[in-house]
Amino acid sequence: MHKVIMMKKFEANAICGTLTQTSKMPCKSYSLPTEACQTGFKMAQIEGSICSSCYADKGFYSMYAKTIKPAQFARLDSINGKHWVDGMVSLIGNDAFFRWHDSGDIQGLAHLEKIAQIAVLTPNCRHWLPTREYGTVKQYIAKHGALPDNLIVRLSAMYPDKPVSIPASLQGFDNITASNVHTGKPLGTPCKAPEQNGECMDCRACWTNETISYALH
């Protein structure tokens, strides 16, 4: 078990970058640049894909690009730092919920392993990680056999109205589920946010094993 070096908030911010707090989410999250997405960057070049109209490149993200982008790239650089796990554990603290990557995605197996380690070290927090890096999740499961009990990994859809097909090698594992995007009939439990002024409010479905379907936005 990793022995955590707890630190003050300003020290953790200096190591990891600040956490983000979006208006929709009921908790803090961690934001990385979309330019660093691997599968997502490739999908963004394909017309009609979800990534080709990525929400993280629009709205407030683009309005404040001069401040948001440098902060996102600084967080990206920090991931390989010696005390990144300790800093993230300190920043999450006793929070009940955490969302990974309101922008961006995991960078590889080592990154996912660190996120899983952070989940283990914050047992009272439920972690939600959306990702299009199916291959990295396969690598993790092949190596470790299971995800931490408090980490939900959502395999994100590539196209609207085309539900995720969970790879056979990932079927039957707890905490591996899917997120779909719909323009008409929901492909799973519909996200309540559009009916709630764009906010989660008291809904926590994304931190469960339910398949969630989001309206295209």
Side-chain angles (χ1 to χ4, degrees), residues 1-22 25 27-44 51 54-57 61 64-93 95 97-123 125-144 146-148 150-156 175-176 179 206-207:
M1 173 69 74
H2 178 88
K3 186 175 181 180
V4 180
I5 301 172
M6 295 303 292
M7 55 190 72
K8 295 180 180 179
K9 185 177 179 179
F10 77 89
E11 295 172 318
N13 283 337
I15 291 171
C16 304
T18 56
L19 301 183
T20 52
Q21 180 78 64
T22 58
M25 301 301 300
C27 64
K28 299 182 184 71
S29 58
Y30 201 67
S31 173
L32 296 176
T34 55
E35 290 88 343
C37 291
Q38 297 169 26
T39 298
F41 185 80
K42 295 174 184 176
M43 293 301 300
C51 293
C54 179
Y55 72 88
D57 289 325
Y61 290 90
Y64 299 107
K66 290 183 179 179
T67 54
I68 287 177
K69 283 296 180 183
Q72 289 177 338
F73 277 101
R75 293 188 197 102
L76 181 66
D77 290 340
S78 77
I79 291 168
N80 294 319
K82 180 179 179 180
H83 296 297
W84 186 75
V85 169
D86 301 299
M88 288 302 300
V89 170
S90 297
L91 288 173
I92 292 170
D95 288 0
F97 296 92
F98 191 76
R99 188 246 170 104
W100 289 94
H101 308 147
D102 56 275
S103 172
D105 207 335
I106 51 179
Q107 299 297 298
L109 178 59
H111 186 194
L112 180 54
E113 287 177 324
K114 287 184 177 183
I115 289 173
Q117 188 177 35
I118 291 164
V120 170
L121 293 168
T122 54
C125 180
R126 295 288 295 173
H127 294 256
W128 158 34
L129 171 65
T131 183
R132 290 188 171 85
E133 302 302 331
Y134 298 10
T136 300
V137 180
K138 288 183 184 180
Q139 287 180 295
Y140 183 91
I141 293 297
K143 182 176 178 180
H144 299 280
L147 291 167
N150 59 333
L151 173 61
I152 293 291
V153 170
R154 294 192 163 279
L155 304 182
S156 300
N175 293 7
I176 296 178
S179 296
C206 289
W207 286 269

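Considering Asp95, Thr20, Asp102 as possible partners of Lys28, the one that fulfils the side-chain hydrogen bond (donor to acceptor under 3.5 Å, both in side chains) test is Asp95. For the pairing with Gln117, the side chain to side chain contact (heavy atoms under 4.5 Å, CB included) check across Val85, Val89, Thr122 returns one residue only, Val85.
Once rounded to the nearest 0.5 Å, the distance linking CD1 of Ile115 with NE2 of His101 reads 4.5 Å. Taken from OH in Tyr134 to CD in Gln139, the straight-line distance is 15.5 Å, to the nearest 0.5 Å. One distance of note links CH2 of Trp207 with CG of Leu151; it measures 12.5 Å at 0.5 Å rounding. Separation of atoms OG (Ser29) and CG (Leu129) is listed at 12.0 Å; rounding is to 0.5 Å. In this structure, CG on Leu121 lies 13.0 Å from NZ on Lys3, to the nearest 0.5 angstrom. Rounding to the nearest 0.5 Å places SG of Cys16 at 12.5 Å from CG of Asp77.
With Glu113 contributing its side chain and Tyr140 its backbone, the two residues share no donor-acceptor pair below 3.5 Å. For Arg75 (side chain) and Ser31 (main-chain N/O), a donor-acceptor pair under 3.5 Å exists by modelled atom type. Between the Ser179 side chain and the Arg154 main chain, no donor and acceptor come within less than 3.5 Å of each other.
Residues Ser103 and Thr34 bring no donor and acceptor atom of their side chains to less than 3.5 Å of each other. Side-chain polar atoms of Asp105 and Thr39 form no donor-acceptor pair below 3.5 angstrom.
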After noting the C-alpha distance and the side-chain angles of Leu19 and Phe98, does the key distance pass the side-chain contact (heavy atoms from CB on, under 4.5 Å) rule?
CA-CA 10 Å; Leu19 301 183; Phe98 191 76; 3.9 Å; yes

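Counting non-hydrogen atoms of neighbouring residues, nucleotides and ligands closer than 6.0 angstrom, the CZ atom of Phe73 exceeds 12 such neighbours.
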